[in-house]
Amino acid sequence: MASALESLIAAYLDHLAVERGVSRHTTSAYRRDLRRYAAFLQARGVTEPGEVTQALVVEFAVSLSTGERRPSEGRTDTGTESEAERSENGEWLRPPLASTSVARAVVAVRSLHRFAVEEGTCSNDPAAEVQPPQPPRRLPKALSLDQVQAILEVPDRDSELGLRDRALLELLYGTGARVSEAVDLDVDDVSRLVGAPADQTPGLRVLGKGSKERIVPLGSYARAALSEYLVRARPLLAGRGKATPALFLNARGGRLSRQSAWSVLQSTAERAGLKAHVSPHTLRHSYATHLLDGGADVRVVQELLGHASVTTTQIYTLVTVDHLREVYLTSHPRAY
């Protein structure tokens with residue numbers, strides 16, 4: 001016979017699937033998290049929702065972060081093994097979860113107890129004040145100027161695909177555009193810009209997330225690469241397929257996909273000798289970081305990137321501070 005807690009979980013999962021129309025993937029993840037929660041409580045003799053305390057909810061979250069070791073039987077922990085090695089060696093009964101997985105489990109538990117209060121199953125919510133852990137802040141990885149230059153010099157200017165790749169990469173780094181924004185461009189979006197006088201910097205209209213438009217300057221290097229591609233390469237590529245307004249074309253004459261653009265940069269970075277993982281977004285990170293390194297105001301960079309909030313842009317200032325610190329430590333005679 002199911003306990004009251006198990007019955008509550010079953011009712012909540014039905015509520016998610018039937019009344020709220022939550023996806024199967026999300027429902028499956030919540031089911032897994034809540035089963036783990038129920039097992040945790042039952043191991044402590046708790047089977048009634050009303051018996052759960054805030055301390056138990058916190059303890060559950062901590063247990064997910066720290067994992068559960070198998071009782072040692074004469075084995076000495078050297079502290080040098082990784083979590084994967086410990087799991088493989090059978091040391092973990094349950095290995096620690098990533099902070100994102102812990103956060104999802106805590107959200108599931110909070111939602112469960114809120115549902116219990118709303119349904120009248122419980123009069124108090126023990127999880128209301130328990131906050132999910134904040135995932136570690138991941139700083140964007142930016143390339144150095146030399147690394148960007150190495151990538152841009154790789155494409156073969158004697159082939160139509162090489163000219164296309166060079167134009168694509170110059171556009172991505174020169175404007176900070178997302179790869180989806182670049183491959184969505186049409187010829188008409190740039191044709192009037194590439195012939196602008198060298199002393200002018202025309203604005204490229206980019207359609208970003210949420211169909212939000214922004215204008216980004218199109219520099220001389222990107223304009224020159226685009227002009228060469230439009231004159232020497234695109235007509236040849238277009239002749240291999242049906243008429244399309246797309247700016248960047250694949251080898252069959254169709255619009256270049258996001259996945260293909262990613263492959264272009266990845267293969268180009270490998271040929272340039274870069275060992276680190278490089279994606280189209282890496283060039284966007286590099287664009288923002290190099291602007292800030294050059295003295296650009298964070299609000300200006302926010303507009304150029306199309307961020308809705310300056311808080312999103314400010315993460316790049318952390319990268320710049322690290323760069324400044326590195327330059328200081330390697331350049332100043334009294335740094336050490």
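For the pair R258 and E181, the salt-bridge criterion is not met [side-chain N within less than 4.0 Å of a carboxylate O]. Of the charged side-chain nitrogens involved, at least one lies within less than 4.0 Å of a carboxylate oxygen, so that E213 and R205 count as a salt-bridged pair. One finds a salt bridge joining E228 and R157 here, because a Lys/Arg side-chain nitrogen approaches an Asp/Glu carboxylate oxygen to under 4.0 Å. Comment: R104 engages D33 in a salt bridge, judged by a side-chain N to carboxylate O separation of less than 4.0 angstrom. Salt bridge status for E170 with R223: absent, with no side-chain N to carboxylate O gap under 4.0 Å.
More than 12 heavy atoms of other residues, nucleotides or ligands lie within 6.0 Å of NE2 in H277, so this atom counts as buried by the packing criterion.
The distance from the OG atom of S279 to the NE2 atom of H281 is 7.5 Å, given to the nearest 0.5 Å. In this structure, the separation between OG on S159 and CG on D165 is 7.5 Å, given to the nearest 0.5 Å. Note that OG of S3 is 7.5 Å distant from CD of E48, once rounded to the nearest 0.5 Å.
Not a single donor-acceptor pair under 3.5 Å links the side chain of E303 to the backbone N or O of V300. Distance alone, capped at 3.5 Å, is enough to place a donor-acceptor pair between the S286 side chain and the L143 backbone. Within the 3.5 Å criterion, the main-chain N or O of A224 finds no donor-acceptor partner in the side chain of S227. A donor-acceptor pair is defined here as one N or O able to donate and one able to accept, closer than 3.5 Å; such a pair exists between the side chain of S267 and the backbone of V264. Formation of a donor-acceptor pair under 3.5 Å by the T27 side chain with backbone atoms of R24 is not found in this model. Looking at R164, its side chain never comes within 3.5 Å of a backbone N or O of A233 through a donor-acceptor pair. Looking at R110, its side chain does come within 3.5 Å of a backbone N or O of V130 through a donor-acceptor pair. In this structure a side-chain-to-backbone donor-acceptor pair under 3.5 Å is missing from R214 to V206. Checked by atom type and distance alone, the side chain of R234 pairs as donor or acceptor with a backbone atom of A246 at under 3.5 Å. Using modelled atom types, no side-chain atom of R252 and backbone atom of R240 make a donor-acceptor pair closer than 3.5 Å.
Checking each of T268, L226, L283, L256 against L168 for a side chain to side chain contact (heavy atoms under 4.5 Å, CB included) leaves exactly one that passes, namely L256. Each of L185, D186, D189, D184 was checked for a side chain to side chain contact (heavy atoms under 4.5 Å, CB included) with L247, and the lone residue meeting it is L185.
Here R32 pairs with nothing under the salt bridge (charged side-chain N to carboxylate O under 4.0 Å, His left out) rule; sequence neighbours left out.
Checking S260 against S263 by side-chain atom types alone, no donor-acceptor pair falls below 3.5 Å.
Taking the centre and axis of the six-membered ring of F40, the NZ or CZ atom of R36 falls outside the cone set by 45° and 6.0 Å.
Note on V187: it clusters hydrophobically with L204, by side-chain heavy-atom contacts below 4.5 Å among ILVMFWY residues.
A ring pair (Phe, Tyr, Trp, His ring centres under 6.0 Å) check over residues 162-197, counting only residues at least two apart or in different chains, returns the pairs Y173-H290.
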